[in-house]
Structure formats: C-alpha cells, structure tokens
Protein chains: 2
Amino acid sequence: MSNLKACVDALYEGVDRVADNIPGLPKCEVLLIRLLLLTGEALQRDVENKLKPFDMNDSDFRTLMMLYSSADGSSTPGELCALAEQKPTNMTRITNLLVKRGLITRSNATHDRRQVVLTITADGRRFVRKLLPPMFPEVVTKFSCFSQTERQTFERLLKKLALHLDTADTP
Amino acid sequence: MSNLKACVDALYEGVDRVADNIPGLPKCEVLLIRLLLLTGEALQRDVENKLKPFDMNDSDFRTLMMLYSSADGSSTPGELCALAEQKPTNMTRITNLLVKRGLITRSNATHDRRQVVLTITADGRRFVRKLLPPMFPEVVTKFSCFSQTERQTFERLLKKLALHLDTADTP
DNA sequence: GGCTGATAGTTCACCAGCGAACTATCCGCC
DNA sequence: GGCGGATAGTTCGCTGGTGAACTATCAGCC
C-alpha cells in the first residue's frame with residue numbers, strides 16, 4: 001500500500017506554498033512533472049513486484065522482451081541500450097544474467113567483429129509466454145478508471161510529450 | 001540527446017508483434033504503462049542534469065523542497081518518507097548529506113523522544129531560492145507542446161490515475 | 001599497407017536505494 | 001509500575017545503475 005493520495009495532496013499544497021514565496025514559479029508545469037513521476041514510480045513498483053516471484057526485475061524483463069519482440073529474436077547490446085535508454089555498462093551486466101539463466105545467448109557478429117549478437121533461446125520464449133498472461137488482468141485494472149476515450153487521450157498526450165521532449169532536450 | 005522517437009516507434013512495433021503472438025495481451029494498457037515510464041525516465045534525467053551543477057540529485061532536492069514548502073520549515077524523517085515514497089534507510093542517508101551541507105538541521109522532538117525533527121536552515125532557504133528560478137524556463141518549454149486545455153486534461157488524467165492506483169494496489 | 005579517429009563492449013570503482021536486523025522509545029493493559 | 005507489542009530511526013550488507021578507463025575492431029585517408 002503506497003498512499004499516493006497523501007502524496008498528491010501534499011504536492012498541491014507544497015507547490016502552492018512555494019509559489020506564494022517564489023515569484024514566477026510555473027505551478028502547472030511543476031505539478032505535471034511531479035504527478036507524472038509519482039505515478040511512474042508507483043507503476044514501476046507494481047511491475048517490479050509482479051516480476052519478483054520470477055526472480056526478475058524490470059530491466060531484465062524489458063531486455064528479454066525487446067529480444068522476444070524483435071523480428072528475428074536477436075539484436076546487439078548497442079541497439080538494446082538505445083531502445084531501453086540504458087548505458088552499455090548496465091546492459092553488459094543484464095545480458096550476463098540472462099545468458100547465465102539460459103534465456104538468451106551471446107555470439108559474435110561476422111560482418112563486424114566488434115559487435116555481439118544476443119539471441120533469445122527457446123527457453124527464453126517459453127519463459128515469456130508463461131510469465132506474461134498472468135500479468136494481464138492487473139494491467140487492465142490499473143487503467144480501469146479511464147473510459148475508452150480517456151485512454152486514447154492519455155496515450156495521445158503522452159506520445160506527444162515524449163516526442164516533444166525528444167527535440168527540446170537538454171544539451 | 002536521448003532519441004525517444006526511436007524508443008516510441010520500437011515500442012509500438014514490439015507490442016504489435018508480441019500481441020500477434022500472445023493472445024489476450026492488453027495492447028493499449030501496456031502501451032500506456034511503457035509510454036508513461038519512458039517519459040517519466042526522460043523527465044527524471046533532465047531534472048537530474050539540471051541539479052548536477054549544484055551537486056544535488058533529485059532525492060536530495062525533493063527532500064529539501066518538502067521542508068522548504070512545509071508550513072513551519074520542519075518535519076520528521078517518517079513524514080518525509082511517506083510523502084516522497086522513500087524508505088527510512090534512504091532518508092537517513094539523504095538527511096545526513098543535507099545536514100553535512102548545512103542546509104537542514106537535525107534535532108530531537110520533545111513530546112516523542114523517538115522522533116527526529118528536521119528543519120531547513122536559512123542557508124537551505126537561500127539555496128532553494130537561488131536554485132529554483134533558473135529551472136523555470138526549461139520546465140515551461142517541456143510542456144510547451146501542450147495547449148492550455150491539454151495541460152489541464154493531462155493533469156486531470158494523471159491525478160485520476162494516481163488516485164486510482166492508490167486504491168487498486170497490489171497487496 | 002599502415003596511421004588516426006571513431007565505435008562496440010567490457011571491466012572497475014563508485015553512488016543510490018533497499019530489506020533485515022537492531023536500538024530506543026512509546027502506548028496500553030494487567 | 002512494569003511487561004508486551006508497536007513505532008521511529010539508524011546501521012549493515014547487498015543489488016542496480018553509472019562514468020571513466022581500457023581493448024578490440026573498423027573505416028577513411030595518406
């Protein structure tokens with residue numbers, strides 16, 4: 001139980017109080033950032049909790065899923081880093097674990113011998129097919145507070161924001 | 001530069017491919033979760049980058065801001081933990097740092113001697129007032145892709161989702 | 001053909017966050 | 001008044017993520 005309500009209330013109150021004190025504070029935008037981070041963290045915690053019984057965390061899971069969902073079941077560390085917004089260091093560690101568990105394999109690329117090719121194994125695919133379906137019901141109820149159009153609106157706004165942040169990046 | 005566009009595209013593509021493969025996958029909801037986490041991580045990175053010149057990270061900053069924005073400039077570790085969704089262990093470490101930098105003080109509560117009272121110092125207040133304003137312009141541009149009504153809608157949906165997640169928590 | 005700069009991964013040392021165990025205090029009830 | 005269970009913080013050891021340094025390879029250019 002994480003009592004987000006208290007956090008949300010305190011957030012609004014706190015921002016109000018700071019705004020009284022510091023002129024020019026963009027209240028609405030600050031609220032949006034903090035609300036988004038707050039819900040994001042809550043979702044993240046839930047996902048991690050769901051994965052814990054399988055002795056997995058979200059990074060491992062995402063990495064595995066990227067391979068599962070790739071066209072030919074394989075990719076390179078560099079590509080996975082780019083798509084998962086991860087650093088190579090961490091990807092090395094994650095793939096080490098997945099290799100050790102037999103869910104993926106590591107091999108050398110022929111055309112560019114610097115590259116490593118990661119490929120999901122049959123075991124890895126079985127693991128995903130076993131692990132995913134039980135998560136569906138809870139995922140659905142997470143958003144059961146939204147109407148169909150609200151879901152669409154939320155998705156549209158999130159996507160718009162993501163693409164905007166991409167261009168307006170901090171150099 | 002973090003190339004979120006590639007992530008978003010790959011996300012949609014990947015979910016499509018997995019959905020073809022595993023029946024019953026709630027595509028829309030999975031997309032929402034992943035989009036939200038993606039944008040959340042991007043925002044988080046930006047905030048951290050903004051704070052780095054001041055030798056601060058977001059946890060430290062949030063903790064300091066909670067004290068700054070509290071009615072009397074003080075609180076207890078327990079309360080801060082609840083509002084920041086942090087564990088006590090970590091709060092001890094964070095407050096240790098802030099105390100060492102002279103931004104807050106630690107003292108004992110009189111009515112309940114188990115409690116520790118954290119109070120923001122004059123230096124701490126000065127620090128916040130110096131640090132905040134330069135962040136405003138960038139915060140505003142982050143959401144400059146949204147119209148006024150879109151901002152309101154987004155805020156409403158985020159808040160609704162946060163409060164819903166609160167009740168529909170994983171036991 | 002071999003030098004130069006860029007790129008793909010890995011290793012290493014460090015920081016941030018967490019669960020479990022511990023201490024000190026409080027509260028309620030005999 | 002003192003015993004038992006709950007609560008507030010801290011300490012400790014471990015996991016997850018990162019920057020910096022390093023190795024191996026590639027690609028272009030003389």
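Atom set for the values below is all heavy atoms of this structure, side chains included, hydrogens, waters and symmetry mates excluded. Order of the sequence lines sets the chain letters (A, B, ...), proteins ahead of strands, with each chain counted from 1.
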- When you measure from the centre of the six-membered ring of A:F154, is the NZ or CZ of B:K160 under 6.0 Å away and within 45° of the axis? no
- Does A:K50 make a cation-pi contact with A:F61, if we ask for NZ or CZ under 6.0 Å from the ring centre and within 45° of the axis?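 Negative - A:K50 is either too far from the ring of A:F61 or too far off its axis.
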Round to a whole Å and report the spacing from [atom1] of [X] to [atom2] of [N].
{"X": "A:D112", "N": "D:dG28", "atom1": "CG", "atom2": "P", "answer": "12 Å"}
{"X": "B:R62", "N": "C:dG17", "atom1": "CZ", "atom2": "C1'", "answer": "13 Å"}
{"X": "B:R45", "N": "D:dG19", "atom1": "CZ", "atom2": "P", "answer": "11 Å"}
{"X": "A:D60", "N": "D:dT15", "atom1": "CG", "atom2": "P", "answer": "13 Å"}
{"X": "A:I94", "N": "C:dT10", "atom1": "CD1", "atom2": "C1'", "answer": "14 Å"}
{"X": "B:Q86", "N": "D:dT10", "atom1": "CD", "atom2": "P", "answer": "14 Å"}
{"X": "B:K52", "N": "C:dC15", "atom1": "NZ", "atom2": "C1'", "answer": "12 Å"}
{"X": "B:N96", "N": "D:dC12", "atom1": "CG", "atom2": "C1'", "answer": "14 Å"}

- Along DNA chain D (nearest heavy atom to each residue), the more 5'-positioned of A:T110 and B:T95: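 Taking each residue's closest nucleotide, the earlier one in sequence belongs to B:T95.
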Among [options], the nucleotide that comes nearest once only the side chain of [X] is considered:
{"X": "A:T92", "options": "C:dG17, D:dA8, C:dT10", "answer": "C:dT10"}
{"X": "B:V116", "options": "C:dC26, D:dG9, C:dG19", "answer": "D:dG9"}
{"X": "B:T89", "options": "D:dC26, C:dG19, D:dT18", "answer": "C:dG19"}
{"X": "B:R93", "options": "C:dG17, D:dG9, D:dG17", "answer": "C:dG17"}
{"X": "B:S59", "options": "D:dT18, D:dG9, C:dG17", "answer": "C:dG17"}
{"X": "B:P77", "options": "D:dG9, C:dA24, D:dT11", "answer": "D:dG9"}

Looking at [X], I'd like to know whether one of its side-chain N or O atoms comes within less than 4.0 Å of OP1 or OP2 on [N].
{"X": "B:R106", "N": "D:dT10", "value": "yes"}
{"X": "B:T76", "N": "D:dA8", "value": "no"}
{"X": "B:N57", "N": "C:dA16", "value": "yes"}

- Group every Ile, Leu, Val, Met, Phe, Trp and Tyr by side-chain heavy-atom contacts under 4.5 Å, then state whether B:L64 and A:I22 land in the same group. yes
- Linked, directly or transitively: A:V128 and A:L51 (ILVMFWY side chains, under 4.5 Å):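 Yes, because A:V128 and A:L51 connect within a single hydrophobic cluster, where side-chain heavy atoms sit under 4.5 Å apart.
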- Message: For a quick check of understanding: with a heavy-atom distance under 4.0 Å over all strands, which category does B:N90 fall into, base, sugar-phosphate or nothing?
- Response: base
- Query: Within the structure shown, what part of the strands sits under 4.0 Å from A:P88 by heavy-atom distance: base, sugar-phosphate, or nothing?
  - Reply: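 The answer is base, as A:P88 lies within the cut-off (heavy atoms under 4.0 Å) of a base atom.
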- Do you see a donor-acceptor pair shorter than 3.5 Å between the side chains of B:N90 and B:R93? yes
- Query: Has the side chain of A:R114 got a donor or acceptor atom sitting under 3.5 Å from an opposite partner on the base of C:dT7?
  - Reply: yes
- Answer yes or no: is there an ion pair linking A:E155 with A:R151, defined by an N-O contact shorter than 4.0 Å? no
